[in-house]
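On a predicted model such as this, the values are computed, not experimentally measured, just so you know. Residues take their numbers from the sequence shown, with the count starting at 1.
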Amino acid sequence: MLTLEDYLAQDARLYPEKTAVITRDETLNYAQLWQRVQERAKDFPKGKVIAFRTTQDIDFLVTYFAIHLAGSVATPLEKATPDNLFEEISARLSACSFPEGTADVLYTTGTTGKSKGVMISHRTIVADAENLIAGQGFSHELVFVIHGPLNHIGSLSKIFPIILQGGTLHILDGLRDAEVFFDAFKAEGKYATFFVPANIRFLLTFDAQRFAALADRLDFVESGGAPLSHADMLQLCEILPHTRLYNTYASTETGIIATYDYNDGRCLAGCLGHPMPHSRVVITPEGMISCQGDTLMSGYIGDPELTATVLRGDTVYMSDYGSIDDEGMLHIGGRESEVINVGGYKVAPTEVEDVAMSIEGIQDCICISAEHRIMGKAVKLLVVMKEGAVFDKKTIARYIAARLEPYKVPQLYEQVEKIARTYNGKLDRKHYKN
């Protein structure tokens, strides 16, 4: 079986002068990148789990590939991980055993609290790459612009198919500087990028015109990590009419599972498409999504008991409700832990949020569970209004009631200045737990 580093060596042999990676400070071709990786690999021991802080630059790639090439396991941690926590995690990892063929340990909830170190194999990396190539059309000519943190599967996984295809990576340090982001697409070429939904909402709100100007160069745009509102999907289809727009079902535990180009003329809300070649999806009798195939994790490092709660046999059991339609496409219905139980009815907050976000004056929102003196639990909608828009509870309620079943319509409404989100842009539902 070829590893990612085998493909990198092949790229250096076949396309030595091809641009491999672009960053703010430096650009390397494949021959130069491979040479640096080989040199850096001499600095690492074999058979260890090696933690390092993530940087959005060429040094990250060199370190990541070099650890693999040396025969060790790469563990990229948040850039801002405090020294004492970094040392604690490193010590904990050094005491753990791992299966043969392990490539990475990726932490799923950052490096605070009860983080879970997910073990990813070399086979999984290649299977993820092949899934993305088949499902989204990564090619040798593609320039993929990465602006998300490289220690998370959403951005890290885009390195894999680019290396398999000998394409080009353009790495940015976040989206704080819009000028830098749009400059990444200024040269003639074939581009793609990945966003979490919060980033898409930001661009559609503040830079929709410049985003639309990329229509002729954007081959495809992928979103993942959280549900993308149907309103944002429709707006993207409008401003990028010829760009493939993908919603992807993926997680650190499952790898890259399914993807759907919603710019297909139908723009199906909640649809995540067909499982890709190395993946299978099964809906359990309880209506939950379970995944099989070569992209699955090997387990949580140092925690076989926790592993057994999620990975049983050849199947990873997720906490997402889902269904398979007549075309064999996966649809998601919300996370089990987020579903609001009101009077015996189950309400998926994402469904309410999706409708609310299509209201003209709403900038952002979150649907939560709240105490109710009569009903016990009630559905509550917190909204951020656009500048100049008027907050009117009755108008919002009537709009939602015309589009959802009565039990899903929030009983409580509140205007807020902002919605709490996690460091990577997801709605921070834990912040509102009562």
Pairing donors with acceptors under 3.5 angstrom, does anything connect the side chains of Ser279 and Asn131? yes
Under the ring-ring contact (aromatic ring centres under 6.0 Å, His included) test against His147, which residue among Phe182, Phe194, Phe195, Phe185 passes? Phe195
Do Arg244 and Asp261 sit within salt-bridge range, that is, some charged N less than 4.0 Å from a carboxylate O? no
Does anything in residues 59-78 form a ring-ring contact (aromatic ring centres under 6.0 Å, His included)? List the pairs, not counting sequence neighbours. Phe52-Phe60, Phe60-Tyr64, Tyr64-His68, His68-His122
To the nearest 0.5 Å, what is the distance between CE (Met276) and CG (Leu132)? 5.5 Å
Pairs flagged by ring-ring contact (aromatic ring centres under 6.0 Å, His included) wherever residues 246-268 is involved - sequence neighbours left out: Phe220-Tyr246
Could you name each residue pair satisfying side-chain hydrogen bond (donor to acceptor under 3.5 Å, both in side chains) that touches residues 298-312, not counting sequence neighbours? Glu253-Tyr300
Which atom pairs, one a donor and one an acceptor, fall under 3.5 Å between side chains of residues 159-171 and the rest of the protein, sequence neighbours left out?
| residue | atom | partner | partner atom | Å |
| --- | --- | --- | --- | --- |
| Gln165 | NE2 | Phe138 | O | 3.0 |
| Thr168 | OG1 | Thr19 | O | 2.7 |

Any pair counted as salt bridge (Lys or Arg N to Asp or Glu O under 4.0 Å), so long as it reaches residues 195-218, sequence neighbours left out: Glu179-Arg210, Glu188-Arg217, Arg201-Asp232, Asp207-Arg210
Residues in ring pair (Phe, Tyr, Trp, His ring centres under 6.0 Å) contact with His278, at least two apart in sequence or another chain: none
Go through the steps for Gln136 and Thr259 under the test side-chain hydrogen bond (donor to acceptor under 3.5 Å, both in side chains), then give the verdict. CA-CA 8 Å; Gln136 297 179 352; Thr259 197; 3.1 Å; yes
Treating Asn263 as the side-chain partner and Leu240 as the backbone partner, does any N or O pair qualify as donor plus acceptor under 3.5 Å? yes
Shortest non-hydrogen separation from Cys367 to Ile340 and the atoms involved: SG-CD1, 4.1 Å
